[in-house]
Chemist: 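Can you read through this structure? Questions will come right after.
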Amino acid sequence: GRSATVGTYSAIPQLHIPSRMILSIFRGRMMFLKNLFFLFLASAVMVFAGCGLEDTDETTSSAPPPPNYDTGFPNGIKTGTGQTFYLWIQVNAPAGTTWVNVNDPSSNIPQEFVQAMNTQAGYQEFVIGNGQTPNCDIYLNFTADENQEHGGINVVVDGVPSSIWWSHGTGTYNMVQWFYFTLPQTYVTLDKLVDDAGTQTATWLNNGWH
């Protein structure tokens, strides 16, 4: 029978491709590679552009506020001159501290604190509630150094959410933290510390906090 090959002749038919067709195929492949290159270049530009935008956002955006920290009072509470703002005040100090005695019956820390607040306000704006529903809760957390020679304070002010405050909503609402601040343990007298703490609290309540 017939063999698959005879001499140098292949039984497989030889494919003859005209030179014009070869040139056309070559040009087609070159065009494909060229388009592929430009597609890759465009993708790379978009990736780098996206990275640049992301960096810009991170640079210009501000850090989020602390948890449970209400930033809805950029200009303060704005009670209006002549209006009374009722307070509930709690005084705390570490057990065993001798720098401040919060259990002393003669201690007038809340009254001195409110007096400093009203001095800053310029009129009798702040009053310790006596049966009235307080507008905010204030925690005066005193600290002292190891030698009980210097004291400081951490003041925490809680109130209703700003959305309720500005809409004059009524009802029972959970308090949120309006703001807090710390005065360092650099005070040698309690009166001066209480005065500075009351002044700063009133300043932030009337002028706003961030």
Side-chain angles (χ1 to χ4, degrees), residues 57-95 97 99-100 102-103 107-144 151-187 190-210:
D57 291 339
E58 290 179 358
T59 320
T60 57
S61 62
S62 58
N68 207 31
Y69 189 100
D70 196 324
T71 57
F73 297 86
N75 299 311
I77 54 177
K78 298 298 181 187
T79 60
T81 303
Q83 294 186 6
T84 301
F85 194 84
Y86 292 103
L87 309 173
W88 178 89
I89 298 178
Q90 178 174 310
V91 181
N92 304 305
T97 181
W99 197 84
V100 53
V102 299
N103 297 318
S107 173
N108 295 317
I109 292 176
Q111 290 76 13
E112 293 177 5
F113 180 82
V114 173
Q115 181 178 352
M117 294 181 69
N118 287 325
T119 299
Q120 194 282 331
Y123 72 100
Q124 195 73 13
E125 177 182 8
F126 301 101
V127 176
I128 297 176
N130 186 16
Q132 300 90 349
T133 301
N135 297 112
C136 74
D137 297 346
I138 300 179
Y139 299 86
L140 305 178
N141 304 308
F142 288 92
T143 63
I153 192 173
N154 174 259
V155 178
V156 180
V157 179
D158 293 349
V160 299
S162 56
S163 57
I164 303 300
W165 178 268
W166 296 121
S167 65
H168 305 287
T170 58
T172 303
Y173 304 95
N174 293 327
M175 291 285 198
V176 299
Q177 190 175 96
W178 277 2
F179 62 83
Y180 64 88
F181 63 87
T182 299
L183 298 181
Q185 295 175 357
T186 55
Y187 290 82
L190 181 61
D191 290 343
K192 174 61 171 159
L193 175 58
V194 172
D195 184 73
D196 286 357
T199 299
Q200 182 163 332
T201 301
T203 300
W204 283 19
L205 283 174
N206 283 327
N207 299 324
W209 59 91
H210 306 284

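Note: hydrogens, waters and symmetry copies are ignored here, and every other heavy atom, side chains too, is used.
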Chemist: Checking Asp195 side chain against Asp191 main chain: does a donor-acceptor pair fall under 3.5 Å?
Modeler: no

Chemist: Would you say Thr201 and Phe126 make side-chain contact, with heavy atoms under 4.5 Å?
Modeler: no

Chemist: Once you measure the plane-to-plane angle for Trp165 and Trp178, does it fall in the parallel (<30°), tilted (30-60°) or perpendicular (>60°) bin?
Modeler: perpendicular

Chemist: Between CG of Leu190 and CH2 of Trp99, what distance do you get to the nearest 0.5 Å?
Modeler: 5.0 Å

Chemist: Please round to the nearest 0.5 Å and tell me the distance separating atom OH of Tyr180 and atom CG of Asp158.
Modeler: 12.5 Å

Chemist: Nearest 0.5 Å please: distance from the CZ atom of Phe113 over to the OG1 atom of Thr199.
Modeler: 9.0 Å

Chemist: Please round to the nearest 0.5 Å and tell me the distance separating atom OG1 of Thr143 and atom CG of Asn92.
Modeler: 12.0 Å

Chemist: Are there over 12 heavy-atom neighbours, none belonging to Gln115, within less than 6.0 Å of that residue's CD?
Modeler: no

Chemist: Would Phe181 and Trp204 count as a close aromatic pair, with their ring centres under 6.0 Å?
Modeler: yes

Chemist: Are any non-hydrogen side-chain atoms of Leu205 and Phe179 less than 4.5 angstrom apart?
Modeler: yes

Chemist: Are side-chain heavy atoms of Val100 and Ile109 found at a separation under 4.5 Å?
Modeler: yes

Chemist: Are Val155 and Leu140 side-chain neighbours, meaning at least one heavy-atom pair lies under 4.5 Å?
Modeler: yes

Chemist: Can you find a heavy atom in the side chain of Met117 that is under 4.5 Å from one in the side chain of Leu87?
Modeler: yes

Chemist: How close do Tyr86 and Gly129 get, heavy atom to heavy atom, and via which atoms?
Modeler: CD2-CA, 4.0 Å

Chemist: Is there a side-chain contact between Phe142 and Val91, using heavy atoms and a 4.5 Å cut-off?
Modeler: yes

Chemist: For Leu193 versus Gly152, what's the shortest heavy-atom pair and its separation?
Modeler: CD2-O, 3.5 Å

Chemist: So Asp137 and Gln90, do their side chains get closer than 4.5 Å, heavy atoms only?
Modeler: no

Chemist: Where do Cys136 and Val157 come nearest, in terms of heavy atoms and distance?
Modeler: SG-CG1, 4.1 Å

Chemist: Looking at Met175 and Val160, what are the two nearest heavy atoms and their distance?
Modeler: SD-N, 3.7 Å

Chemist: Would you say Val114 and Ile89 make side-chain contact, with heavy atoms under 4.5 Å?
Modeler: yes

Chemist: Under 30°, 30 to 60°, or over 60°: which ring-plane class applies to Tyr139 and Trp88, parallel, tilted or perpendicular?
Modeler: perpendicular

Chemist: Glu125 and side-chain hydrogen bond (donor to acceptor under 3.5 Å, both in side chains): which single residue from Thr84, Asn118, Asn206 fits?
Modeler: Asn206

